[in-house]
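Proteins get letters first, then strands, A, B, ... in listed order; numbering begins at 1 in each. The structure displayed is predicted, hence computed values, not measured ones.
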There are 2 protein chains.
Amino acid sequence: MDHQLPAQPAPGRTHDPEGVRRNILAIATAEFAEKGFSGARVDEIAAKINTSKRMIYYYFKDKEGLFVAVLEEAYARIRRIERDLNLDGLSPVDALARLTGFTFEYQSENADFVRLVMVENIHHAVHLARSERMQSLNVSVLQVLEDVYRRGVAEGVFRDGIDVVDIHMTMSALSFFNVSNRATFSAIFKRDMVSPEAFTRRRQVVVETVLRYVAR
Amino acid sequence: MDHQLPAQPAPGRTHDPEGVRRNILAIATAEFAEKGFSGARVDEIAAKINTSKRMIYYYFKDKEGLFVAVLEEAYARIRRIERDLNLDGLSPVDALARLTGFTFEYQSENADFVRLVMVENIHHAVHLARSERMQSLNVSVLQVLEDVYRRGVAEGVFRDGIDVVDIHMTMSALSFFNVSNRATFSAIFKRDMVSPEAFTRRRQVVVETVLRYVAR
DNA sequence: GTTAAAATGTACGAACTAGTCCGTTTTCGC
DNA sequence: GCGAAAACGGACTAGTTCGTACATTTTAAC
């Protein structure tokens with residue numbers, strides 16, 4: 001959501017299309033993540049942006065178009081960071097631990113992303129299906145994981161015959177759930193899930209769970 | 001959602017309060033699970049029930065009251081079945097495998113339950129917080145797990161020092177994610193997640209993941 | 001049988017909500 | 001500078017959505 005395009009319009013300029021676009025996206029992201037697609041109100045988003053409601057329709061066509069753009073931006077961001085993890089220098093075990101730990105941390109720190117994905121799943125991923133960028137955006141994560149796994153098998157530290165999609169799914173599920181189900185889970189079991197201690201503790205459990213699954 | 005109260009009104013009777021109540025709950029459950037709280041329409045639910053919209057407000061006060069009742073019923077049902085699993089006769093390893101497998105199966109077969117919990121989490125569990133029944137409804141699952149774990153440690157097949165809430169969380173997360181994120185995950189990775197084969201395969205991975213985590 | 005309470009049906013309204021109409025201002029190529 | 005296109009603002013509307021006012025029927029207690 002940051003550092004990719006001019007944050008300020010050229011001096012002496014009142015029109016700033018890209019800034020307007022990004023401002024709308026930022027506000028809409030927060031609003032959709034907070035209230036869901038149906039719960040979010042276009043008027044509410046309009047009231048919070050620096051420009052007028054008219055601009056939402058000008059740039060994104062309609063409420064659904066806006067949501068699709070929000071989703072694309074959110075996925076693009078996590079994959080962008082993931083690619084920069086640079087796991088090549090690490091041993092397979094360390095690399096897998098790092099990747100798992102990153103996933104857990106990223107999702108914990110970006111509850112908006114998690115909540116947007118929840119919302120999209122409630123809507124059976126119809127918006128996501130409409131976006132061609134999506135698949136190409138997400139192949140990288142499997143490539144990174146495949147690399148690490150192959151090295152681990154070759155070195156004899158991981159057992160053979162595991163599907164990397166399963167590893168990714170386990171990793172994602174454990175990280176995702178910690179945010180997505182935080183409200184109900186902590187309400188039911190009176191469990192602290194937000195303090196730094198709880199975060200570190202659970203992070204360790206998740207990493208260990210993944211490592212134990214692939215270990216020989 | 002079934003077999004607990006007279007399904008038919010007494011013969012020669014036109015009024016059937018309990019039947020009306022259950023009819024509304026069943027329809028509302030499907031509707032909220034499908035569209036979410038904000039997305040569901042009271043008028044739509046009203047159109048599908050055997051009685052009139054007036055009755056929704058008569059029995060449940062308002063849309064929120066209806067949703068709370070739907071949630072309570074959904075949680076009560078899973079815990080009811082869970083208690084009847086009868087794991088005492090099994091070895092600790094078999095019992096834990098059985099409990100994990102059950103959780104996975106139940107959530108797979110009851111997507112409505114999973115989706116309702118997602119919806120409630122989007123709303124920060126405000127409805128759930130309002131229900132006192134909730135906590136008492138859910139303690140049983142931890143007791144069952146605690147029993148199995150203690151036996152496993154005593155017999156030397158499980159390592160010591162694990163928090164059972166962590167085991168439950170892992171178990172739930174892996175089972176939950178398989179349903180909650182099915183739409184986005186299968187759209188992004190083009191992965192079959194619904195066929196009987198995919199179900200059995202993933203079930204095995206989940207059970208193994210949990211067992212390997214507690215193993216010595 | 002009478003009567004109060006419980007259970008039910010119908011029509012309607014006030015508030016909200018997504019999206020548009022109509023117009024103005026700013027930018028930029030020539 | 002000029003004209004066309006891009007960028008923008010504000011008021012308005014058609015349709016929807018939750019909830020209720022008003023009225024009726026059924027049940028159960030005495």
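- When the P atom of dA18(C) is taken as reference, atom CD of E44(A) falls 10 Å away, rounded to whole Å.
- In this structure, the ring of F176(B) has its center no less than 6.0 angstrom from the ring center of F176(A).
- Among dT20(C), dA7(C), dC22(D), the nucleotide with an atom closest to any side-chain atom of K53(A) is dT20(C).
- In this structure, I24(A) atom CD1 and dA7(D) atom P are separated by 12 Å, rounded to whole Å.
- Contact annotation for A46(A): no contact, since no heavy-atom pair falls under 4.0 Å across all strands.
- Closest contact between the side chain of H15(A) and the listed nucleotides dC18(D), dT25(C), dA7(C) involves dT25(C).
- Distance CG (N50(A)) to C1' (dG9(D)): 14 Å, rounded to an integer number of Å.
- Checking dG19(D), dA7(C), dG9(D) against every side-chain atom of S52(A), the shortest atom distance belongs to dG9(D).
- Here dA18(C) is the nucleotide among dC18(D), dA18(C), dC8(D) with the atom lying nearest to any side-chain atom of Y57(A).
- For dT17(D), the base has no donor-acceptor partner in the side chain of R41(B) [N/O atoms by modelled type, under 3.5 angstrom].
- Here the side chain of T51(B) is nearest to one of dC21(C), dT17(C), dT8(C), namely dT8(C).
- Note: CZ (F37(A)) to C1' (dT17(C)) measures 12 Å, nearest angstrom.
- The separation between D43(A) atom CG and dT20(C) atom C1' is 13 Å, rounded to whole Å.
- In this entry the distance linking CG of D16(A) with C1' of dC8(D) reads 12 Å, nearest Å.
- The residue F60(A) sits apart from the nucleic acid: no heavy atom pair falls under 4.0 Å.
- Rounded to an integer number of Å, the gap from CE of M55(B) to P of dT8(C) is 6 Å.
- Comment: R41(B) does not engage E31(B) in a salt bridge, judged by the lack of any side-chain N to carboxylate O separation of less than 4.0 angstrom.
- Side-chain N or O atoms of D166(A) include none that pairs as donor or acceptor with a backbone N or O of H168(A) at under 3.5 Å.
- Here F60(A) and F67(A) keep their ring centres 6.0 angstrom or further from each other.
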| task | May I have the step-by-step check of ring pair (Phe, Tyr, Trp, His ring centres under 6.0 Å) for F37(A) and H127(A), ending in yes or no? | result | CA-CA 11 Å; F37(A) 178 75; H127(A) 311 98; 5.2 Å; yes
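- Rounded to whole Å, the distance from CZ on R54(A) to P on dA18(C) is 17 Å.
- An OP1 or OP2 oxygen of dC8(D) is reached within less than 4.0 angstrom by no side-chain nitrogen or oxygen of Y58(A).
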